[in-house]
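Counting starts at 1 for both ligands and their atoms, following the listed order. Just so we're clear, the structure is a prediction, and the values are computed from it rather than from any experiment.
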Amino acid sequence: MAKLKQSYVCNSCGTLYNRWQGKCEGCEEWNTIEAEIGVGASAGTPKGLDGKKGRFVELVSLDTPVPNKPRLQTTITEFDRALGGGLVAGSATLIGGDPGIGKSTLLLQALATLAKNGEDCIYFSGEEAIAQIQMRANRLGYHGAPLRLGCETNLRDILTTLDQGKPPAVLVIDSIQTLFADHVESAPGTVSQVRVCAHELIAYAKRKGTAVLLIGHVTKDGQIAGPRVLEHMVDTVLYFEGDRGHHFRILRAVKNRFGGTDEIGVFEMSSRGLSEVTNPSELFLSDHNSREPGSAVFAGIEGSRPVLVEIQALVARSSAAHPRRAVVGWDSGRLAMVLAVLDARTGLGFAGCDVYLNVAGGLKISEPAADLAVAAALVSSLSQTPTPEESVIFGEISLSGDIRSVSNTPARLKEASKLGFGKALMPKDKKSETHGITVNQIERVSDLVAQFLPPDMTGTP
Ligand code: TYD
Ligand code: MG
């Protein structure tokens with residue numbers, strides 16, 4: 001047997017080292033590197049296999065029929081949507097999210113629903129006692145669901161239990177950080193433990209055709225705790241996000257080997273657990289008041305669905321040398337870019353102002369199509385003029401100040417029309433389908449500013 005090599009691994013990003021050092025070069029964190037004994041790849045290059053013969057692997061062509069189980073529908077449509085159409089047999093899914101966001105609740109509800117529909121499901125919790133889980137399930141109306149519960153953190157015991165009898169259709173591990181493999185000498189939650197436990201469970205999923213769902217904690221900067229390799233190992237990575245102050249929760253796929261990655265599932269947390277939100281626009285616009293300056297309605301697309309959200313901006317004079325720029329729900333770099341373009345191309349002066357930008361409802365937007373809506377909210381707040389009545393706004397702003405067209409325009413307009421909006425400020429678009437919306441084409445940022453300011457105003461607040 002090859003000599004076990006001592007290696008060191010960063011607890012935060014998983015970078016391997018041959019010797020200990022104080023600072024990780026991978027993620028620049030201090031004191032995150034610890035010893036790892038004889039598991040996983042060693043830091044050096046393999047010296048080559050010894051003379052032993054391996055097993056012959058049968059090779060097939062692309063169109064050789066291979067038995068494939070249909071996807072398991074949880075019947076929680078928003079959950080299935082984020083998964084790309086249901087759970088795939090033999091797949092491993094990682095669900096990450098802040099503590100208390102509702103990961104355990106979501107998976108308990110999904111599993112209890114599946115169990116009620118006749119699927120064999122097992123839920124292993126390392127965090128809560130059986131009584132706690134039962135109490136929650138009863139409160140949420142899943143009394144009597146034939147779900148099998150276990151309270152265990154030892155990987156060996158979990159696998160022994162699973163190997164008895166028929167493998168379940170779905171297995172939940174809550175959470176991967178609480179598990180420990182007794183042949184690895186480090187504490188639960190460390191890189192080596194997380195990696196070994198995940199590896200064993202994923203191997204079990206592939207071997208038995210069970211869909212395995214792993215709950216993962218996130219670190220303070222929002223990454224799933226443990227090595228990045230965990231995200232590489234699983235088939236699907238979902239993040240459950242939301243603002244604790246709001247009751248909306250968004251399940252977002254960031255990696256999916258079986259479907260698109262930009263689909264989201266929207267839920268609402270209430271005293272009766274998580275319920276699905278089938279029309280997110282209504283929710284995000286529920287207390288929208290478009291007549292206030294600084295508010296603009298953005299017609300966005302999340303995955304394949306149009307979502308209308310309110311973008312709020314507050315521009316206030318500041319005497320500080322470095323005025324504040326605070327953003328919630330959007331990229332701060334992108335805000336800086338929009339402000340720079342407005343400054344450079346229209347002469348509006350944001351330099352002496354604090355700028356606050358908020359995407360209402362706790363949604364995080366990453367689409368460049370939000371540029372124009374953000375610009376409209378900013379100019380509206382600066383000029384103290386409300387955005388045009390009953391209007392949705394979308395379009396990408398380029399550095400030259402041109403407004404570039406974006407994808408899915410008909411879907412955006414259709415959603416706006418459905419929710420009672422009559423106008424759209426949007427880029428030039430050749431397609432004629434407008435769903436009864438009056439289109440106001442904006443070609444340059446200066447056209448946008450002209451919507452708010454009388455022509456002689458040169459841009460002081
Ligand atoms: P939980 O699923 O335990 O979160 P996680 O596993 O991600 O840490 O959810 C806990 C939170 O959800 C808790 O703060 C209370 C809230 N909650 C409700 O508001 N209503 C409910 O019906 C349930 C079960 C939880
Ligand atoms: Mg939990």
(request) Would you check if the side chain of N256 reaches a backbone N or O of L83 as a donor-acceptor pair within less than 3.5 Å? (result) yes
(request) Write out the protein residues near ligand 1, meaning a non-hydrogen atom under 4.0 Å from one of its atoms, in order of chain and number. (result) D98, P99, G100, I101, G102, K103, S104, T105, R136, R139, L140, M269, S270, S271, R272, G273
(message) I want to check something: taking the side chain as every heavy atom from C-beta on, are I173 and L201 in contact at a cut-off of under 4.5 Å?
(response) yes
(message) Quick check on the Mg ion (ligand 2): does S104 put an N/O/S atom closer than 2.8 Å to it?
(response) yes
(message) Donor-acceptor check, side chain of R325 to backbone of G333, threshold 3.5 angstrom: yes or no?
(response) no
(message) What I'd like to find out is whether the side chain of L159 reaches to under 4.5 Å of the side chain of L155, using heavy atoms alone.
(response) yes
(request) Report yes if the side chains of T75 and N117 come closer than 4.5 Å at any heavy-atom pair, otherwise no. (result) yes
(message) Are E25 and T15 packed together at the side-chain level, in the sense that at least one heavy-atom pair is separated by less than 4.5 angstrom?
(response) no
